[in-house]
Amino acid sequence: MVGPPGGGGGLENANPLVYPRPGERPTTAREQDEGLPDAIDGREVFDLIRGIHDPEHPLTLEELNVVEQVRVQVSDAENAVSVEFTPTIPHCSMATLIGLSIKVKLIRSLPERFKVDVHITPGTHASEHAVNKQLADKERVAAALENMHLLQVVNQCLSGRS
Amino acid sequence: MAAGGVRFGIGKPASLLQDCEWENAARQAAEGVKAGTCSILDVVETLGSPLKNEDPQVRAQGIQVLSEVLLQCYSLLQEQEVTHLVLFYENRLKDNHLVIPSVLQGLNALSKCVVLAAGLAVSVLKAIFQEVHVQSLLQLNRHTVYSIITNFMSNREAELKSLGADFTLGFIQVMDGEKDPRNLLIAFQIVRDIIVKGYALGPFAEELFEVTSCYFPIDFTPPSNDPHGIQREDLIFSLRAVLTSTTVFAEFLLPLLIEKIDSDVQSAKLDSLQTLTAVCKIYGHKELKEFLPSLWSSLRTEVFQTASEKIEAECLSALRALSACLSRLVLGSEDEDLLESFLRGVLQDCRHHLCEPDMKLVWPSAKLLQAAAGASLRAYYQITSSVLPLLLEQYAKHEQSSQHRTVLEVLLGFLELRQMWGPEEEDKSPLLSCKDSLCSIVFSALTEPNIQLQLVGIQVLTFLGSLQELLDLANVEKLADHFAQFILLEKDSQISLAAMDAAGTLAPIYPEVFSKCLVRRLSEALESELLEDGSSSHQKHLRALAAVSTHPSIVRETVPILLQHLQQIQKGKVPANNHSVVSVCHSLQQVALQCQQNAQTYWYFHQAVVPCLLGLAVQAALQENSHTTPGKVLLTEEALSSMVLVISAACMHLSPELAAQSVSKVIPLFLDGELSFLPGNNYSSPFQPFQDGPCPVAAQRKLVALLMAFVCSLPRTVAIPQQDRLLHELLALSYSCDCLFTATAAAKCFAGLINKYPEGPHLDQLLEIAIKMLEQGLNEGPYQHQALTLLLWVSKALLLRYHPLITQLTDKLLKLLGDTVLGPAAGDGFALLMADSTDVLGKSCHAEVRLMFRQRFFTDCVPQLVQCFHMAIPDVKPNYLKGLSHILNHLPKPVLVTELPTLLPLLLESLSCPDHIVQLSTLRCLQPLLLDAPHVMHLHIDTLVGKFLNLTDNPAMAIRIAALQCLHTLASLPTPVVIPFKPRVIRALAKPLDDKKRLVRKEAVLARGEWFLLGTPGR
């Protein structure tokens, strides 16, 4: 049973719908074979971000359905990763922060050859365009991480179960 | 002499003494009193001038000395002396505040006197209550006051009680405002004693409650450098003991608890809920009645809203306690039944959630209801009689499988609660009235194509079946039919496994039904499969046969079926492969495990299985030379190994008498070819496994493995006929047989017997011969490897029983590490020495295993090993490292941590050793230690980081993974130690992020993420 967190005061969406988590990716025999290479695929990138915590709930982005495996596109050959995320409500002020967390996690966890694109699922947020623009701007992302307070929140989202 | 010391020390002019001086004086005086060279009166007289001095500081010191003396020798005082001293001290309480601390110490000493005259305790306490403002004293002095009170309470109880409520009031004033946790612990203890020992509270119950409950909930974090070791929990428990000690507090406590449950602070909620649970043990009708509605509403709100599983669990146990408390109440003639009305309220608030179409609050409501119902059988009946029909109705209303599953799971939760109470007159049980509709929905659930739903259905049926006489025969048969369907036809392994388990659970209750509906069909299915290849369904059926063998009568049906299957394989009626033999043996082994509790069935199993397996194997071995050898499949190493497990399982639980009976037949079989007890009679030639000879005998020799399984699993007390002859034969076989399998089996068998062989010259003689042969074998010839195997097993046998000869064998092993041919194998052999043996030398086979054999081996062997390592030529160094890493991997962590400083340099060297096994086992050994010995790691952090990073592009995947895990762990060392390496590690870990293997990338991501967080806010 997971209900709304205690207190409830001050949360924008105090009683979100909670989605069940699919299990861990099972390890296949192929993955254990030394010789065969495993390409980076959608599930692997999804596994990187599904454990990120929501800034205001003790829940993961996966449990809140903010990220879904179908919205992760990966092309290992073309070095491209694209992630769409869906804020829980259209006016969610945390959208930029969530996007930033996803972006930072991917930058830290993917090989440098990848170009990482993180944006909001079209039509799910009021200021979609502005948020996307901020997330696409390398310098603004870098500047945001210089800000100790922001860095702290992002790190909190990234630590724990990942 | 000591008294002289007193005069010298404190008879001096009345000036302030140094601390050490008066401590010294007090000590000497106390020794004098104890030795009888002076009396306490002498001390007082000697102290005369400081005691009367005008300067309060000097006076304080004088009294201090006297108090110190008293503290050491209060037990020697006479009643008269005590009375005088008490009066003196009491009087001093009125003195200057500087003097008070010393006075209190003296009183503390006097309060411990057994000879204290009647009435003095009361007067001391009165004086303290009156003259001393306790809370303005220092912590230590307040503690002294509490000690005085505690002392009096323990030896002057009756006197204090004569004070009446004044004592309680006095104490309330003493402790009011106390802040120090050390003092609070003792103060809480006093309050608890006041209540429990029945001191009069008078009109001060509320005050007493106020003065303690103001600390609730405890909010205390011990300082990190706290030397007193008081934990938050200590305070919580001692305060809870006070609050829950009496029903008098109820009217004050319950509102407080409700308020704190409703608060926002998690710890306050938890503490309040736990206190509520505790208090339910003593409260009754009067205390609870008024607060029930608000308690229920608080608990309900909490369960509906909380995200914390811990709080939910505490709420539920509080509710259960409450309901249990109400169930226990003894009702007066006019009292209404509180349980009935309380549960009515609970039902009213929860029922409708069970009916909501979106089912959002179904689980919390169900949990609340189950908690309330779980308190007593009465509560259970009341709740289930309302809920069960409702749930059945809901099941019918919903249409989706997932909703059905939820309803059925909730139902199962209610049903399973029934197991908390023993069987009783089931007349009243609501289960009876809805049994039929329940059965019909469960059977319909089993037909729905939803695996989860079917699983729950099986669980519900298992429960219903396990209630005696609830289901009628038709339903039981239907149930067994369903299980049979699942086992025979279902593709999903989860379901068929669950059905097998359920069948195993229910078979002892309905043996006839399961034998008819399941065993027979399984046997038919096996029969019809005979012509097909060993398919997966074939294995499943064998497994099911084993699973259902939980009743003696069923065992007697299934064992013959399984054995017959093996016979058919041997006769070549089945296109056999290793696999089918192994599966049959696996099933037989499971049956053996299931019937080991029942001596009679176990003996049946032993008698049926052991001769049969031996017979089949012997037959196959004797046919080996003819060309039509379908039975050959029984002689493969894989098949024999699985038969070994069966025979071993069939022997290890035998009673010594029965074992002796059996062993007298098996040994002659192997030594003299005595075949008469084996089933069947078509043995073409003599069976002589220990005779020298060419090829056909090789097959017979392999069966020594079966002999090993039998003879090494017997209890230690069973005498083995012709044991010495057997040992010699085994020894000879073990180092002179071409087939490694046979040689190993013989060596293990020899070792197993040696391990149990009684101490004495006989054993030493045997070992001497063995060692001589070993030396020969190791030196030269084609059997070096066989000799090494024998050496390892004999060493293990002796190591386990702490036999002194082990040192000689260890030396040999260490020498072998330097051997270019045998060295690597000897290094691997250390794993065998250190690991728990699962077969012949295991505890289950009754081997003698001493507790600390690993530590012993470690201390005996490792210094030598290290020394040899340093002297060895580079080619063989990896062998030593291999041996070392095997030893270390099996040692308990505490031992390793203490030895780490000396071993770490060697381990670091192992990391650079090119042997993959060494690298991997070193990494695995190091990883858990990184955090346990930070100071040692600190010194080598530079090397560690470098070596680990180097290993992240090792060709072996397992090593890359282990190295990354070590790097991950390193990030948890104290930040100042590791932060200098952060840029380097992060840069280096970028490469494994692009590793070709996914499992490696996963570890790299984890490790790199952790290093990124290092030294940043929000970690």
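Chain identifiers are assigned alphabetically (A, B, ...) following the order of the sequence lines, protein sequences preceding nucleic acid strands; residue numbering begins at 1 within each chain.
- Within the model, atoms CG of A:N155 and OG1 of B:T1016 stand 4.0 Å from one another, a figure rounded to the nearest 0.5 Å.
- Nearest heavy-atom pair across A:T27 and B:L999 is CG2-CD1, 3.9 Å.
- Residues A:D33 and B:K997 share a closest heavy-atom pair of O-NZ, 2.8 Å.
- Atom-to-atom distance recorded for A:R108:CZ and B:W1011:CH2 is 14.5 Å, nearest 0.5 angstrom.
- Only the backbone of B:A958 comes within contact range of chain A, with at least one heavy atom under 4.5 Å from a heavy atom of that chain.
- Heavy atoms only, all atoms of each residue included: B:L993 and A:P111 are closest at O-CG, 3.3 Å.
- With a 4.5 Å cut-off on non-hydrogen atoms, A:I107 touches chain B through its backbone but not through its side chain.
- If you measure heavy-atom distances from B:P992 to chain A, you find no contacts under 4.5 Å at all.
- Taking chain A as the reference chain and counting heavy-atom pairs below 4.5 Å, the highest number among B:R1001, B:R1008, B:K1002 is found for B:R1001.
- With a threshold of 4.5 angstrom between heavy atoms, A:E44 approaches chain B through side-chain atoms but not through N, CA, C or O.
- With respect to chain B, the highest number of heavy-atom pairs below 4.5 Å among A:R113, A:E112, A:H149 belongs to A:R113.
- For A:E31, the parts lying under 4.5 angstrom from a heavy atom of chain B are both the backbone and the side chain.
- Around NZ of B:K996, the count of heavy atoms belonging to other residues, nucleotides or ligands within 6.0 Å exceeds 12.
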